[in-house]
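Some notes on the structure that comes next.
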There are 2 protein chains.
Amino acid sequence: MGARLFDVKQSGRRARRRGESRALALGILPELIGYHLRLVQRAIFADFAESVGAEGISPGLFGVLVLVEANPGLKQQRLAEAAHLDRSSLVPVIDKLEAKGLVERRAADRRSNGLFLTAEGTALLRSLKRRVRRHERRVVENLSAREQRELIRLLGRILPGKR
Amino acid sequence: MGARLFDVKQSGRRARRRGESRALALGILPELIGYHLRLVQRAIFADFAESVGAEGISPGLFGVLVLVEANPGLKQQRLAEAAHLDRSSLVPVIDKLEAKGLVERRAADRRSNGLFLTAEGTALLRSLKRRVRRHERRVVENLSAREQRELIRLLGRILPGKR
DNA sequence: TATTGTTATACTCTATAACTATA
DNA sequence: TATAGTTATAGAGTATAACAATA
């Protein structure tokens, strides 16, 4: 029990006096992909909200706008499937986008709606996409182009049968 | 406008008659890391719920159990920080684990609690960890050991300053 | 005075079940 | 009869603000 251990204790105490604290033991967590994904997604979500979400557009709403633009006249049923949502869960989503004046429901036949962006929705989406591209650049700024492709490739191999 | 286009249309119709449908246009989404992360996390979450969640243990609750086991006597405040939760949000989490008989609050001083696993919590966690390791093997079954390490390395480089 | 845990409250996201209208 | 959208309702997860007790 010499100087070494004492120093360790001291530096621990000093660190805690500075408001830091000994790192928590994380157990098995760092071996789990899901744990890392959660941390990363938290950070991406926060950066998205800060840099893109000014108009109250979350990543999910942004995705819906993109899909409606890319598939004009899309039915709610089909969009719900694409977004892995129950069709009842999509209703308040479209309500919100319609209330913001970004999306329009147009009767396709008398029981189904085709979805379309309004002019305002198209304009806002253009701006959102610019901001999202900047956000994305920040997200991957520590990865080379090759690493970015590799990351997407590896993610695509995770539980591929389950999607 | 020859046989080619006609064939495409026909096969599209045939596919739709079989209950499939033309793939949706995804616009910019497949270029975004966040989009792929969402898909992957959905799939992992579903597999976890199916293969680990029998006792109503979500990935978040599992994480809390692991942290309490690895840091006996952990204070709620400290655990909330580690889990990126407000301390008020942690209260119902610990309530639930205590109601299940897995975790115990023991007064550390008269205003703070140290958290400990009960014997039952320790036993259940042992079983949960076995199931989580099997789940994790399924999650990465299409990745070599090298690819698994590479994936975790690349995830660690995403927005590292924001965590 | 600052910290710890708690409560009251509310908001987001999502699901299930039941209902209406219609294909 | 099956499908599209909606409504009512509920549950999980999380946050903010205010409060009591105590360091």
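Everything numeric here is computed off the predicted structure, so don't read it as measured data. Protein chains get the first letters and strands the later ones, always in sequence-line order, with residue 1 at the start of each. All heavy atoms count here, side chains included; hydrogens, waters and symmetry mates do not.
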Taking B:Thr118 for its side chain and B:Gly101 for its backbone only, find out whether a donor-acceptor pair lies under 3.5 Å.
-> yes
Most 5' of B:Lys96 and A:Leu74 on DNA chain D, judged by nearest nucleotide = A:Leu74
Bounded by its outermost nucleotides with an atom under 4.0 Å from a heavy atom of chain A, the footprint on DNA chain D reads D:dA2 to D:dT7
Using a strict 4.0 Å threshold on nitrogen-to-oxygen distance, state whether A:Glu55 and A:Lys100 make a salt bridge.
-> no
Looking for any heavy atom pair under 4.0 Å, which part of the strands does B:Leu85 touch: base, sugar-phosphate only, or nothing?
-> sugar-phosphate
5'-most contact on DNA chain D (nearest-nucleotide basis), A:Ser88 vs B:Arg87, goes to A:Ser88
Tell me: CZ of B:Arg105 to P of C:dG5, nearest whole Å?
-> 9 Å
In whole angstrom, give the distance that lies between atom CZ of A:Arg110 and atom P of C:dT20.
-> 18 Å
NZ/NE/NH1/NH2 to OD/OE distance under 4.0 Å, A:Asp47 and A:Arg42 = no
State whether the side chain of A:His36 and the backbone N or O of A:Pro30 hold a donor-acceptor pair below 3.5 Å, judged by distance alone.
-> yes
For A:Leu61 and C:dC11, give me the distance from atom CG to atom C1', rounded to whole Å.
-> 14 Å
Sorted by position of nearest nucleotide on DNA chain C, 5' first, the leading residue of A:His84 and B:Asn113 is B:Asn113
Considering the options A:Asn71, A:Leu115, A:Val93, which one meets the side chain to side chain contact (heavy atoms under 4.5 Å, CB included) requirement together with A:Leu79?
-> A:Leu115
Under-4.0 Å side-chain N/O to phosphate OP1/OP2 contact, A:Ser89 with C:dA15 | yes
Given atom CD of B:Glu81 and atom C1' of C:dT4, what is their separation to the nearest angstrom?
-> 12 Å
NZ/NE/NH1/NH2 to OD/OE distance under 4.0 Å, A:Arg131 and A:Glu50 = no
Mind grabbing the angle between the end helix axes of the helix from C:dT1-D:dA23 to C:dA23-D:dT1? Five pairs an end, 10° rounding.
-> 0°
About how many Å separate CG of B:Leu155 and CG of B:Leu159, when rounded to the nearest 0.5 Å?
-> 11.5 Å
Measure from CG on B:Asp86 to P on C:dC11 and round the result to the nearest Å.
-> 17 Å
Starting at CG of A:Asp95 and ending at C1' of C:dT12, how long is that distance when rounded to a whole Å?
-> 15 Å
Is there a side-chain contact between B:Glu136 and B:Arg133 (heavy atoms, below 4.5 Å)?
-> no
When every non-hydrogen atom of A:His135 is compared with those of A:Phe48, the smallest separation belongs to CE1-N, 3.6 Å
